[in-house]
Visitor: 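What follows is a single structure, and I will ask about it in a moment.
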Amino acid sequence: MTNNLSVMKIRGYFNLIVLILLVTKSGLAFNSVNLISLHYSNDFAVTIGAADNKLAESENTQPFGLHVETIRQAQHTKIINKKPHLGWIVPSGIGYQSAYRVLVASSKEKLAANTGDVWDSGEVKNPNSNRIQIEKELQANTNYYWKIKITGSNNQAGKYSDVHEFKTGNFDSDLYTSSNFFTIENIQPSLIRQNDDESYFFDFGKDAFSTLSLKYKPLQEETLKIRLGEKLKDGRIDQNPGGTIRYQELSLNVYPGKEQYEIQLVPDQRNTASQAVSLPDSFPVLMPFRFAEIDGFGANFDPTQIIQKAYFNYFDDNAGSFSSSDTLLNQVWDLCKYSIKATSFTGYYIDGDRERIPYEADAYLNQLSHYAVDNEYTMARKTIEYFMQHPTWPTEWQLHVALLVYQDYMYTGNTALIKKYYESLKYKTLMNLEVEDGFISTASPNHNGDFMAKLGFQDTTQRLREIVDWPQKGGFGGVMGEDDGFVFQPVNTVVNAMYYGNMKIMAEFAGILGKNKEQVDFEHRAEKVKAAINQKLFNKTKGCYYDGVGTDHASLHANMFALAFGVVPDEYKENVASYIKTRGMACSVYGAQYLMEALYNAGAADYALDLLTATHDRSWYNMIKVGSTITMEAWDMKYKPNSDWNHAWGAVPANIIVRNMWGIQPAKPGFEEVAIRPQPGYLKQSSIKVPTIRGAIKCSYQKENDQLRKYTITIPGNMHAFFYLDDPKSSTIKINGKKASVKNGVLLLNPGENFIEIQNQNQE
């Protein structure tokens, strides 16, 4: 023991040596590293390293990225579908798939002999590389092995993929979605410091839902005092951090003859109540913490043996990435990406650590950002199924359910939830609450107990209440609220803009199911409410939308929701965007989703970038500045004094950068087609990797000068890509060095690398 201040940075060299040995022993090339997981129990797995999938991709004709029910490495979980769906990634070198053959076997040996004793699809002339259903019912609790080979569009024969294994579970669940598996990361501290009082301080670098483990060989029985927390004050853990920022102090008895210890955290009554999502029985009690302090130890204490044992749902850190010429924007991206990973520990999208309850709006924002950083889809689907039995009270939250199902459909091509919940979704759109002029209102006489039961509420005395944004004025110590002074009326613009979006989605769902009359009815309702909003709630002189029928107050929210959901006609967009700019960031971290969508929908990319990179106290950078490593529930504690530091609904930039700044969104379900509409604003450089179910889209952008912009767009195999130009008539466009053929401002891109040069003619 020493009284001198000592600092030790632990880099994890031991883990790196183990990784190298494992990779070398397996015979794989040690290039880039990708996460895999070794089975640890029925509930979770321990994470180590393995070689990247680039080895398979380099084979050029060999499919890779195989998945079962969209789950990669399905051998670590249990598939609950008797006839599961398979998918794979077509290497870009093969172009487009024209046929496939799938073999499913009961053993590796039979599969090695190209014998599909369970199912042999034969050669199927079909370009689809996703949602291929095994035609034979499988046995419960059984291991299966499968592989796939494909034929290219030019009839070039591909090689069989590597062999993949999956396991079935019981088939007695009424749920559709198989769960992905959990992982544990044993994280060493990035900083160890001995304090003046001879206690030790540990910084693990990031907040994580964790417990603490340690190795210690005491010479006599001792009681260690352990403090864990998320926040610092004067260089030590803040023991009164405020709000729902976490801190816990506990004692750990250690004694000779025992070396390995794991602390027993005290569960929080609020986030372990009956409404909270329960953790698997095999999990210990978890709490979010970044920092630890330990004292009460003897001379034999080794501070390098302290581990933050962090729990996550499956997450591939390498699936998505982003960088740009703006270092602050890069920090915001990193914060948001990690927030999605860190809050995945229950296997559902939850509201943070205070309640651990799924809420529809939280889940939708989580879903969009999760899809932007990893091609993991089961968590969203499980959460959707949860909401059918556990709805929450805000009016707008019900209007998010159809949005959740729609994004699941567009990103995966999966129609199962549409088929299963179509009738229930009708109620979730609140179409039964329609009143005059096609508007909906919770003042409708149909807003009764029977309707609440149809929404899934067990307590049918509850009623929906408009929220607009959160927190509302006057709550949590009299805070100002985040709704920009919104004036609530029986018919309001926010709810009806969302209702319009719901009707458009339901019309598409009805078409998928062949319900033509209902499709026409939904389309009619959509056009009717859109016309009513523009006739009764838009002020042409001021260029803005009022909050509702009966008020002339025009909040940020009325205007950004109308613009985000496509209510605003093209001729009004510029004026509405100009009005929005006068309101600043007058919304919460939740409302910021629709503010940013509205701005990009109106082409206001520079102003949107200003907000993404702002440094005031209503910004994402403020979360970094105050010390959080997961996005916060609110911009700052003063705007919601009971808020927490681990709320992924604040991770909006993760999806906005992908879906709006870079403009990468599925144009057809399951990314059969992708639309790329970049709006980089004043950024000079940017690169991005976007995971999809068909493989990663990789893009880079370079602004050479005011006249010349360059893009490199790499499209995976079996995907049609459309690149939208902002001003094709005033530019010379080259693709791969040749003058491009541009139709209606759109370039068609092929699988593989596409080099695009845009030369502005007006400034030459």
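All figures in this text were calculated on a predicted structure; none of them were measured in a lab.
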Visitor: Nearest 0.5 Å, please: how far is NZ in Lys309 from OG1 in Thr211?
Guide: 7.5 Å

Visitor: What distance separates Asp636 CG from Lys638 NZ, expressed to the nearest 0.5 Å?
Guide: 5.5 Å

Visitor: Would you say Ser178's side chain and Ile80's backbone share a donor-acceptor pair under 3.5 angstrom?
Guide: yes

Visitor: For ring-ring contact (aromatic ring centres under 6.0 Å, His included), just list the numbers for Tyr359 and Trp393, CA-CA rounded to whole Å, side-chain angles, deciding distance to a tenth of an Å, and then say yes or no.
Guide: CA-CA 9 Å; Tyr359 286 93; Trp393 59 267; 8.3 Å; no

Visitor: Using a 3.5 Å distance criterion without hydrogens, assess whether the side chain of Lys337 forms a donor-acceptor pair with backbone atoms of Gly320.
Guide: yes

Visitor: Could Lys78 and Glu69 be called an ion pair, given the rule that one side-chain N must be under 4.0 Å from one carboxylate O?
Guide: no

Visitor: Enter the distance from Met585:CE to Ser619:OG here, rounded to the nearest 0.5 Å.
Guide: 7.5 Å

Visitor: Ion pair present between Asp374 and Arg72, side-chain N to carboxylate O less than 4.0 angstrom?
Guide: yes

Visitor: Is a salt bridge present between Glu597 and Arg659, judged by a nitrogen-to-oxygen distance below 4.0 Å?
Guide: yes

Visitor: Assess whether side chain to side chain donor-acceptor pair (under 3.5 Å) is satisfied between Tyr639 and Asp617, documenting all intermediate values.
Guide: CA-CA 10 Å; Tyr639 297 116; Asp617 64 6; 3.0 Å; yes

Visitor: In plain terms, say whether Asp203 and Arg193 are close enough for a salt bridge, that is, a side-chain N and a carboxylate O under 4.0 Å apart.
Guide: no

Visitor: Quick one: is the NZ or CZ of Arg290 closer than 6.0 Å to the six-membered ring centre of Phe204, and within 45° of its axis?
Guide: no

Visitor: Answer whether the closest heavy-atom distance between the side chains of Ile187 and Ile307 falls below 4.5 Å.
Guide: no

Visitor: Look only at the side chain of Ser686 and the backbone of Ser324, and say whether a donor-acceptor pair between them is shorter than 3.5 Å.
Guide: no

Visitor: A quick test of your reading: do over 12 heavy atoms of other residues, nucleotides or ligands sit less than 6.0 Å from CD of Gln264?
Guide: no

Visitor: Is it true that atom NZ of Lys258 has more than 12 heavy atoms of other residues, nucleotides or ligands lying nearer than 6.0 Å?
Guide: yes

Visitor: Under 3.5 Å, is there a donor-acceptor pair between the side chain of Thr223 and the main chain of Asn253?
Guide: no

Visitor: In Å, rounded to the nearest 0.5 Å, how long is the span from CG of Asp353 to CZ of Phe289?
Guide: 12.0 Å

Visitor: Tell me if the centroids of the rings in Phe291 and Phe202 come within less than 6.0 Å of each other.
Guide: no

Visitor: Can you give me the closest heavy-atom contact between Ala363 and Thr383, atom names plus distance?
Guide: CB-CG2, 3.9 Å

Visitor: Kindly say whether Ala74 contributes a backbone atom to a donor-acceptor pair with the side chain of Thr77 at under 3.5 angstrom?
Guide: no

Visitor: Quickly, which of Asp362, Val589, Ile630 forms a side chain to side chain contact (heavy atoms under 4.5 Å, CB included) with His647? Name it, please.
Guide: Asp362

Visitor: Apply ring-ring contact (aromatic ring centres under 6.0 Å, His included) to residues Tyr261 and Tyr216 and explain how you reach the verdict.
Guide: CA-CA 8 Å; Tyr261 297 89; Tyr216 180 33; 7.3 Å; no

Visitor: Ion pair present between Lys473 and Asp483, side-chain N to carboxylate O less than 4.0 angstrom?
Guide: no

Visitor: Should the pair Glu185-Lys341 be classified as a salt bridge under the 4.0 Å nitrogen-to-oxygen rule?
Guide: yes

Visitor: Taking the basic N atoms (NZ, or NE/NH1/NH2) and the acidic carboxylate oxygens, is any pair closer than 4.0 Å for Arg354 and Glu633?
Guide: yes

Visitor: Scan Phe181, Phe182, Tyr314 and name whichever one has a ring-ring contact (aromatic ring centres under 6.0 Å, His included) with His76.
Guide: Phe181

Visitor: Before you tell me yes or no, could you show the steps for Phe283 and Tyr311 under ring-ring contact (aromatic ring centres under 6.0 Å, His included), namely the whole-Å CA-CA distance, both residues' side-chain angles and the distance that decides it to 0.1 Å?
Guide: CA-CA 9 Å; Phe283 278 34; Tyr311 287 67; 4.7 Å; yes

Visitor: So, does Gln593 use its side chain to make a donor-acceptor pair with the main chain of Pro653 at under 3.5 Å?
Guide: no

Visitor: So, the side chain of Ser588 versus the backbone of Gly591: is there a donor-acceptor pair under 3.5 Å, distance only?
Guide: yes

Visitor: Identify the two heavy atoms, one from Trp645 and one from Ile245, that lie closest to each other, and give their separation to 0.1 Å.
Guide: NE1-CD1, 3.4 Å

Visitor: For Leu328 and Leu612, which heavy atoms make the closest approach, and how far apart are they?
Guide: CD2-O, 4.4 Å

Visitor: Got a salt bridge between Asp295 and Arg227, using NZ or NE/NH1/NH2 to carboxylate O under 4.0 Å?
Guide: yes

Visitor: Would you say the side chain of Leu365 lies within less than 4.5 Å of the side chain of Tyr590, judging by non-hydrogen atoms?
Guide: yes

Visitor: Please indicate whether Gln260 has more than 12 foreign heavy atoms, meaning atoms of other residues, nucleotides or ligands, lying under 6.0 Å from its CD.
Guide: yes

Visitor: Give the minimum heavy-atom separation between Ala651 and Ser369, together with the two atoms involved.
Guide: O-OG, 3.0 Å

Visitor: Which value, rounded to the nearest 0.5 Å, describes the distance between Tyr200 atom OH and Ile226 atom CD1?
Guide: 15.0 Å

Visitor: Do you know the tightest heavy-atom contact between Met379 and Gly347?
Guide: CG-O, 3.2 Å

Visitor: Look up atom CE in Met632 and atom CG in Leu335, then write down how far apart they are to the nearest 0.5 Å.
Guide: 10.0 Å

Visitor: Using a cut-off of 6.0 Å, state whether more than 12 heavy atoms not belonging to Asp197 lie near its atom CG.
Guide: yes

Visitor: Got a sec: does the CD of Glu249 have more than 12 other heavy atoms crowding it under 6.0 Å?
Guide: yes

Visitor: For Asn313 and Ser344, indicate whether the former's side chain and the latter's backbone hold a donor-acceptor pair under 3.5 Å.
Guide: no

Visitor: Any sub-3.5 Å donor-acceptor pair from Gln367's side-chain atoms to Leu404's backbone N or O?
Guide: yes

Visitor: Quick test of your reading: applying ring-ring contact (aromatic ring centres under 6.0 Å, His included), list the pairs with at least one residue in residues 330-354, sequence neighbours left out, ordered by first then second residue.
Guide: Phe209-Phe345, Phe322-Trp333, Tyr348-Tyr386, Tyr349-His370

Visitor: Show your reasoning for whether side chain to side chain donor-acceptor pair (under 3.5 Å) applies to Thr392 and Glu360.
Guide: CA-CA 7 Å; Thr392 63; Glu360 292 88 346; 2.4 Å; yes

Visitor: For Lys625, is the NZ atom crowded, meaning more than 12 foreign heavy atoms sit under 6.0 Å from it?
Guide: yes

Visitor: Do you know which two heavy atoms are closest between Thr346 and Leu279, and how far apart they sit?
Guide: CG2-CD2, 3.8 Å

Visitor: Start with the C-alpha gap between Asn186 and Gln308, add the side-chain angles, then the distance that decides, and say whether side chain to side chain donor-acceptor pair (under 3.5 Å) holds.
Guide: CA-CA 6 Å; Asn186 293 319; Gln308 181 192 41; over 6 Å; no

Visitor: Anything under 30° is parallel, anything over 60° is perpendicular, the rest tilted; go ahead and classify His400 against Trp397.
Guide: perpendicular

Visitor: Tell me if a side-chain donor or acceptor on Thr629 pairs with a main-chain N or O of Asp207 at a distance below 3.5 Å.
Guide: yes

Visitor: Any side-chain heavy atom of Ile79 within less than 4.5 Å of one from Lys167?
Guide: no

